[in-house]
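Written below as structure tokens is the structure these notes are about.
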Amino acid sequence: MNDDPYTQRPMEPARAETESPASRFDDVQTRIGDAQEAERSRLAQEIHDGPAQALSNAIFQVEYIERVIETDPLLARTELRYLRELLRRELGDVRAFISQLRPPLLDQFGLDGAIMDTVQHTRTLTGLAITTDLTAPAGMLGDREQTVVLRVAQEALQNVRKHAAAGHVVVSTRLDDDWVLEVRDDGRGFDPGAVAARGRRNFGLQFMRERAELIGARIDVRSRPDGGTVVRLAIPTGPATGGEESI
């Protein structure tokens, strides 16, 4: 039994090999559907908490400007500048959501290039110092695995941007017993045990875990308050790794 409160439980062992091909296919299809539904739920929550809330605030701001524009034009201009900055900021978030839905990055740049594109996008949005060390051979992974690696990297960096208050991030891949992606930050960290005890649902961690389980990989998330966070995706490199089915 794993007693580490900072580590997500790995996926249960694969079903017996006596299972029929049709049953395995149905199981894979069901899990793909579950992963897609989890992603839709995550995006719905992100949009509700971000752009939807911002647009609601913008409507109130416009209504306020309408009330004061005749009596206090200077105040109205100040409020318009605030509104403009609000909408610019939220436009960046909307573009970030769109970028998460673009697997063609893999076709355009390959896995390493797609990760670098995500890193550069995060640098541009945040000014964060992000170091990369991508040494694992991407060619060992099939299309499904590469898609999951990219999605996990995107989500981990999104979590850093939104929650970590980090000064430095390291994104690395390496080959040991598994094919490993690691995203490490020096931010504020959190207590996963306390979050679970309060019954809070973290859409980002759930999204990464379900994506990993779909390809038989493991997600470990280690964090502690004021101690930074490490997200580690480990993909087995045995014969089961690979495949052409996109998520």
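Everything quoted here is computed from the prediction, not taken from an experiment. Because only heavy atoms are used, hydrogens play no part in the values below, and waters and symmetry mates are left out as well, while side chains stay in.
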Legend entry - Val180/Thr173 under side-chain contact (heavy atoms from CB on, under 4.5 Å): CA gap, chis, key distance, verdict: CA-CA 5 Å; Val180 175; Thr173 64; over 6 Å; no

Inset, instruction - Any chance you could pull the hydrophobic cluster mates of Ile59, using side-chain heavy atoms under 4.5 angstrom and chaining through other members? - result: none

Inset, instruction - Please go through Phe60's hydrophobic cluster and name the other residues, only I, L, V, M, F, W, Y counting, with side-chain heavy atoms under 4.5 Å joining them. - result: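 Cluster partners of Phe60: none, it stands alone.
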
Would a 4.5 Å heavy-atom cut-off, applied to side chains only, mark [X] and [Y] as touching?
X	Y	result
Leu214	Val148	no
Val183	Val170	no
Trp179	Leu233	no
Leu181	Val171	yes

For residues 225-232, please give each side-chain donor-acceptor pair under 3.5 Å, one per line with the distance, not counting sequence neighbours.
residue: Thr229; atom: OG1; partner: Ser223; partner atom: OG; Å: 2.8

Legend entry - Asp176 atom CG, over 12 foreign heavy atoms within 6.0 Å: yes

Legend entry - Heavy-atom neighbours of Glu63 CD exceed 12 at 6.0 Å: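 Correct, the count exceeds 12.
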
Inset, instruction - Check the pair Arg123 / Gln120 against side-chain hydrogen bond (donor to acceptor under 3.5 Å, both in side chains), numbers first and verdict last. - result: CA-CA 5 Å; Arg123 285 186 184 127; Gln120 185 56 48; 3.2 Å; yes

Legend entry - side-chain contact (heavy atoms from CB on, under 4.5 Å) assessment of Leu175 paired with Met140: CA-CA 10 Å; Leu175 190 63; Met140 292 185 64; 3.6 Å; yes

Whether the side chain of [X] engages the backbone of [Y] through a donor-acceptor N/O pair (distance < 3.5 Å, no angle test) should be reported.
X	Y	answer
Glu145	Gly142	yes
Thr126	Thr122	yes
Gln146	Leu141	yes
Thr132	Leu134	no

Inset, instruction - For Asp178, check salt bridge (charged side-chain N to carboxylate O under 4.0 Å, His left out) against everything at least two apart and list the hits. - result: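 Applying salt bridge (charged side-chain N to carboxylate O under 4.0 Å, His left out) to Asp178 gives Arg218.
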
Legend entry - By salt bridge (charged side-chain N to carboxylate O under 4.0 Å, His left out) - contacts of Glu85 (at least two apart): Arg88

What are the two closest heavy atoms between [X] and [Y], and how far apart are they?
X	Y	result
Ala58	Leu83	CB-CD1, 3.6 Å
Ala166	Leu128	O-CD2, 3.0 Å
Gly187	Asp185	N-OD1, 2.7 Å

Inset, instruction - With sequence neighbours excluded, tell me which residues meet side chain to side chain contact (heavy atoms under 4.5 Å, CB included) with Ile69. - result: Ala76

Legend entry - Stepwise side-chain contact (heavy atoms from CB on, under 4.5 Å) test for Thr131 and His168: CA-CA 8 Å; Thr131 303; His168 185 234; 2.7 Å; yes

Inset, instruction - Could you give me the CA-CA distance, side-chain angles and deciding distance for Arg174 and Glu182, then say whether salt bridge (Lys or Arg N to Asp or Glu O under 4.0 Å) is met? - result: CA-CA 9 Å; Arg174 65 178 182 274; Glu182 189 173 276; 3.8 Å; yes

Inset, instruction - Could you tell me whether the side chains of Gln158 and Arg161 share a donor-acceptor contact shorter than 3.5 Å? - result: yes

Inset, instruction - Could you give me the CA-CA distance, side-chain angles and deciding distance for Val149 and Ile115, then say whether side-chain contact (heavy atoms from CB on, under 4.5 Å) is met? - result: CA-CA 9 Å; Val149 170; Ile115 292 174; 4.1 Å; yes

